[in-house]
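Numbered from 1 within each chain, the chains take letters A, B, ... in sequence-line order. The structure displayed is predicted, hence computed values, not measured ones. Computed from heavy atoms alone, side chains included, the values below leave out hydrogens, waters and symmetry copies.
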Amino acid sequence: MNIFSDFRKQIIDVIEGLSSDGSLPEGLNLDRVAVDVPRDAAFGDLSTNAAMVLAKPAGMKPRDLAELLTGKLADAEGVSTAEIAGPGFINVRLDDDLWRRCLGTVLQTGKAFGDSDIGGGAPVNVEFVSANPTGPLHIGHARGSVFGDVLAALLRKAGYAVTREYYINDAGAQVDVLARSAHLRYREALGEAIGQIPEGLYPGEYMKAVGAALAERDGDRWQESLESEWLPVVRSFAIDTMMDLVRDDLAALGITFDVFTSERGLVEQGRVDTVLDGLEARGLIYTGTLEPPKGKKPDDWEPRPQTLFKATEFGDEVDRPLKKSDGSWTYFASDIAYHQDKHARGFDTQIDVWGADHGGYVKRMKAATKAVTGGAADLDVKICQIVKLLDKGEPVKMSKRAGTFVTLRDLIDEVGPGVVRFIMLTRSNDAPLDFDLTKVTEQSRDNPVFYVQYAHARCHSVARMAADAFPDLDADQTADLGLLTDEAELALIKLLAQWPRVIEGAAQAHEPHRIAYYLYELAAAFHGLWTKGKEQTELRFIVESDRAQTHARLAMVSGVRTVIASGLELMGVEPLEELR
RNA sequence: GCGCCCGUAGCUCAAUUGGAUAGAGUGCCUGACUACGGAUCAGGAGGUUGGGGGUUCGAGUCCUCCCGGGCGCGCCA
């Protein structure tokens, strides 16, 4: 039950009715007709801009059209009042019973309340994390990981067929460095003194285990052999080990993927060649020389002919190189093949979640995707800004040597997965985020995780107390919701009714942080009502002298608990029933 | 120099995708709470949404030009 979309249908019906009886022209475009919640509750429960957006095409003044619509709407079912305001807004108040019925729906459907079918089962591919398999995940990865995972969950709840995907960059020079680092540790594991890790190799302690495991598996087989012999083997082994590490770290955050795609796999299957041959056949690839960037000329710049993709034909600023000087593909070339591959697998809607440092690549990737799918695939790239790690307001110095933790795993161990996940969504993805280790575990209002969890725990607390006062109370569904008449109670119920709308809006905008903000707002309304009951005893949830009233209020509290739990679970955060 | 993101209350950030009198937290000021579970709640002050111009019924949001910050800028992903 989505009151807002239901009401929009009512308005559309009214407009179409007026069209068919000649009061309005036929065939009006109704796309821009919106139903909103007014900023100020004094304006009513709902408002619509219908009269304003249709005035011009209908050839009427907005207020006259509003007049016409209000006349019909006032008689519509469930509408208590409809009036015109401002330049032509129509403000509507609905019968309180309609809202109470919505609470009834919450109680009946439970956590499925808010599920939507706006996705229509359309396939969506969400690609996120995709960290290079060269080491454990760090804090910078945490944000994109959570963002992508919750966005995927959100889209699923909104009715899309979502695939969570991880692209393994296992074909570039970096994994060769990884292999050499692993080989060194392998020799170390076999008893060689390796001394200092040479510049350019990965020095991390985590590489020791890789070397040891390889020695365990293969003995001294690669100890004296040529690099050309051992490199592919060691590389493959190291990548697998690193990916296990990455999977473990993600699992600790509650994240799993449906698909892992290997860049090397695409290259070895010849997919890159195929896709780029196709572009070449269309005249979109040529050999040319790029201008140096103005104002910031690299020291070693020299003009050089390169194999270029005509990205400028698809909205990019300059054409982009596809081949390295050794003749191998650039990562961009394989990325083109990868996005084509996603399209070939049936994904017309693709979402990539990237870090802030990749912002400069959005245009070329969109251009390439457009080119390679003939414009059929829509790519949305979500950029996550940096996370600043703080402790008591002071920046935490990231030094591996000093022992200050930097890995994702350490962060999870320190504050718990739920806290990490929630905090990562307390900002819009394109705003930088402060993660204060002290604040996020504080029990205060300015720690949103606590504040929302506390509201949820309070709901459970009420239920426990009620079980003492009325041990034999029936299920929520049998309560007489008509007894919920206080303004604050109805306001709370109206907020619950917004949940499906929040889901749809957040899903369509690809903005999972809206869930966190909504939950905070809902928690605030609930805490407010709680305290109101403290001051006016007749408003308490449990009224010992009034069994029916208590029953109704417990049902309302159940509704709040259900929606908060539903939202937290959507975010991958476990709802707590007690706070120590 | 160019591109992308950003600029909103002292500070950190929202703003129903173009809607009405721009909202929360924090900080400051005032009050409520000896218990359905204390960690809360109610109120006050605080704004020319960086600046100018434009688009229209209507702009924090879209276009344009400046100012300021972050990221990026040919064979790293």
Side-chain angles (χ1 to χ4, degrees), chain A residues 4 32 34-40 43 47 49 52-53 55-56 61-62 85-89 91 130-132 134 169 171-175 263 289-298 301-304 306-308 316-318 320-328 330-332 334-335 355-363 383 385-386 426-428 430-434 442-448 450-451 454 457-458 460-466 468-469 498 501-502 505 508-509 511 513-514 517 520-521 524 527-535 540-544 557 578-579:
Chain A
F4 304 91
R32 291 182 60 215
V35 172
D36 292 317
V37 182
R39 216 187 285 271
D40 189 339
F43 288 130
S47 80
N49 60 357
M52 288 180 291
V53 298
K56 197 173 281 180
K61 287 181 181 172
F89 286 103
N91 290 331
S130 298
N132 294 334
T134 55
N169 295 118
Q174 294 187 13
V175 284
E263 179 186 8
T289 307
L290 290 176
E291 295 288 313
K294 285 170 185 153
K296 192 232 164 200
K297 192 172 178 176
W301 179 275
E302 46 186 272
R304 173 181 309 143
Q306 287 176 295
T307 305
L308 300 172
D316 202 356
E317 271 78 35
V318 293
R320 304 294 182 177
L322 296 170
K323 274 190 180 175
K324 304 181 194 173
S325 54
D326 68 358
S328 65
T330 61
Y331 92 97
F332 178 53
S334 46
D335 244 7
D357 53 342
H358 288 58
Y361 293 83
V362 174
K363 276 199 174 182
I383 298 292
Q385 291 299 322
I386 55 164
T426 52
R427 292 285 177 264
S428 152
D430 45 27
L433 173 73
D434 288 346
E442 250 170 32
Q443 302 198 330
S444 71
R445 181 165 188 166
D446 66 320
N447 176 10
F450 160 76
Y451 191 72
Y454 184 34
R458 265 188 162 168
H460 277 273
S461 165
V462 174
R464 284 191 295 269
M465 302 312 283
D468 289 343
Q498 282 195 40
R501 175 187 164 83
V502 170
Q508 284 176 322
E511 289 185 353
H513 74 277
R514 294 192 194 186
Y517 277 89
Y520 187 86
E521 195 184 341
H527 287 309
L529 192 55
W530 173 287
T531 306
K532 208 175 169 191
K534 212 169 188 177
E535 287 156 4
R540 291 191 166 198
F541 299 133
I542 298 170
V543 185
E544 302 204 350
V557 172
E578 279 179 288
L579 302 179

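Applying the side-chain hydrogen bond (donor to acceptor under 3.5 Å, both in side chains) criterion to A:Lys532, with sequence neighbours excluded, gives A:Asp486. Evaluation of the salt bridge (charged side-chain N to carboxylate O under 4.0 Å, His left out) rule for A:Asp36 yields A:Arg501 as partners, not counting sequence neighbours. In terms of the ring pair (Phe, Tyr, Trp, His ring centres under 6.0 Å) criterion, residue partners of A:Tyr331 (sequence neighbours excluded) are, by chain and number, A:Tyr361. By the side-chain hydrogen bond (donor to acceptor under 3.5 Å, both in side chains) test, A:Asp357 pairs with no residue at all, sequence neighbours left out. Qualifying salt bridge (charged side-chain N to carboxylate O under 4.0 Å, His left out) partners for A:Arg458, counting only residues two or more places apart in sequence or in other chains: none. Listed by chain and residue number, nothing satisfies the side-chain hydrogen bond (donor to acceptor under 3.5 Å, both in side chains) test with A:Thr289 (two or more places apart in sequence, or in another chain). When the side-chain hydrogen bond (donor to acceptor under 3.5 Å, both in side chains) test is applied to A:Asn169, no partner is found at least two apart in sequence or on another chain. Remark: A:Tyr451 pairs with A:Tyr520, A:His527 by the ring pair (Phe, Tyr, Trp, His ring centres under 6.0 Å) rule, at least two apart or across chains. Every residue meeting the salt bridge (charged side-chain N to carboxylate O under 4.0 Å, His left out) condition with A:Lys363, not counting sequence neighbours, appears here in chain and number order: A:Glu317.
Panel note: side chain A:Asn132, backbone A:Thr134; no donor-acceptor pair is recorded below 3.5 Å. Using a distance-only test at 3.5 Å, with no hydrogens or angles considered, no donor-acceptor pair links the side chain of A:Arg427 to the main chain of A:Leu433. Proximity of a side-chain donor or acceptor of A:Asn91 to a complementary backbone N or O of A:Ser47 within less than 3.5 Å is not detected.
Remark: B:C73 base-pairs with B:G1; criterion is Watson-Crick or G-U wobble with both hydrogen-bond distances under 3.5 Å. In this structure B:G18 sits in no base pair that meets the Watson-Crick or G-U test at under 3.5 Å. If you check B:U61 for Watson-Crick or wobble pairing at under 3.5 angstrom, you find it has no partner at all. Pairing of B:C36, defined by two Watson-Crick or G-U wobble distances under 3.5 Å, is not identified with any nucleotide.
Residue contacts for A:Glu578: at a heavy-atom cut-off of 4.0 Å it reaches a base atom on one of the strands shown. If you check every strand for non-hydrogen atoms under 4.0 Å, A:Val362 touches nothing. Residue contacts shown for A:Asn169 are limited to sugar-phosphate atoms, with no base heavy atom under 4.0 Å away. Across all strands shown, A:Tyr517 has heavy atoms under 4.0 Å from sugar-phosphate atoms exclusively, and none from any base. Looking at heavy-atom distances under 4.0 Å, A:Pro448 makes no contact with the nucleic acid at all. Using a 4.0 Å heavy-atom distance criterion, A:Arg304 is classed as a base contact. Looking at heavy-atom distances under 4.0 Å, A:Gly172 makes contact with sugar-phosphate atoms alone, never a base. Using a 4.0 Å heavy-atom cutoff across all strands shown, A:Glu544 reaches no nucleic acid atom at all. Using a 4.0 Å heavy-atom distance criterion, A:Ala171 is classed as making no nucleic acid contact.
Between the side chain of A:Arg501 and the base of B:U16 there is at least one donor-acceptor pair of N/O atoms closer than 3.5 Å. At a cut-off of 3.5 angstrom, the base of B:A77 holds no donor-acceptor pair with the side chain of A:Asp335. Contact annotation: side chain of A:Ser428 to base of B:A14, donor-acceptor pair absent below 3.5 Å.
Taking atom C1' in both B:U16 and B:G68, one finds a spacing of 30 Å when rounded to whole Å. B:C57 and B:G70 are spaced 41 Å apart, taking the P atom of each and rounding to whole Å. Using P as the reference atom, B:C65 and B:G74 are 25 Å apart when rounded to the nearest Å. As rounded to the nearest Å, B:U55 and B:G72 have C1' atoms that lie 32 Å from one another. Using C1' as the reference atom, B:A24 and B:G47 are 15 Å apart when rounded to the nearest Å. For B:G25 and B:C63, the C1' atoms lie 34 Å apart once the distance is rounded to whole Å. Taking the C1' atom of each, B:G3 and B:C41 are spaced 49 Å apart, rounded to whole Å. Annotation: B:C29 and B:G69 have their P atoms spaced 34 Å apart (nearest Å).
Between atom CG of residue A:Leu290 and atom CD of residue A:Gln306 there is a gap of 5.5 Å, rounded to the nearest 0.5 Å. In this structure, A:Asp430 CG and A:His513 NE2 are separated by 8.0 Å, a value rounded to the nearest 0.5 Å.
Distance from the side chain of A:Pro321 is smallest to B:G74 among B:U16, B:G74, B:A77. Side chain of A:Phe43, nearest nucleotide from B:A20, B:C13, B:C36: B:A20. The side chain of A:His513 has B:A14 as its nearest neighbour among B:A14, B:U21, B:A20. Comparing B:C36, B:C13, B:A77 by their closest approach to the side chain of A:Val462 singles out B:C36.
Residue whose closest nucleotide on RNA chain B sits further toward the 5' end, between A:Ala85 and A:Glu263: A:Ala85. The nearest heavy atom of RNA chain B to A:Trp301 and to A:Gln508 marks one nucleotide each, and the one closer to the 5' end goes with A:Gln508.
One can place CZ of A:Arg540 at 12 Å from P of B:C33, the figure rounded to the nearest angstrom. The interatomic distance linking A:Arg427 (CZ) with B:G25 (P) rounds to 13 Å, in whole Å. In this structure, the CZ atom of A:Arg514 is 15 Å from the C1' atom of B:C13, given to the nearest Å.
The heavy-atom pair separating A:Ala356 from A:Ile383 by the smallest distance is CA-CG2, 3.6 Å.
By the stacking rule of 5.5 Å between ring centres and under 30° between planes, A:Phe89 stacks on the base of B:A20.
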Distances for protein N/O vs nucleotides 65-72 of chain B N/O pairs under 3.5 angstrom?
| residue | atom | partner | partner atom | Å |
| --- | --- | --- | --- | --- |
| B:C71 | O2' | A:Ala356 | O | 3.0 |

Show me the protein contacts with nucleotides 39-47 of chain B, counting only N or O atoms at under 3.5 Å.
| residue | atom | partner | partner atom | Å |
| --- | --- | --- | --- | --- |
| B:A39 | OP2 | A:Tyr454 | OH | 3.3 |
| B:A39 | OP2 | A:Arg458 | NH2 | 3.2 |
| B:A39 | O2' | A:Gln443 | O | 2.4 |
| B:A39 | N7 | A:Tyr454 | OH | 2.8 |
| B:A39 | N3 | A:Gln443 | OE1 | 2.5 |
| B:U40 | OP1 | A:Gln443 | O | 3.2 |
| B:U40 | OP1 | A:Ser444 | N | 3.4 |
| B:U40 | OP1 | A:Arg445 | N | 3.3 |
| B:C41 | OP1 | A:Arg445 | NH1 | 3.2 |
| B:C41 | OP1 | A:Tyr451 | OH | 2.2 |
| B:C41 | OP2 | A:Arg445 | NH1 | 2.9 |
| B:C41 | O4' | A:Thr531 | OG1 | 3.0 |

Under-3.5 Å N/O pairs linking protein and nucleotides 56-62 of chain B:
| residue | atom | partner | partner atom | Å |
| --- | --- | --- | --- | --- |
| B:C57 | OP1 | A:Lys56 | NZ | 3.1 |

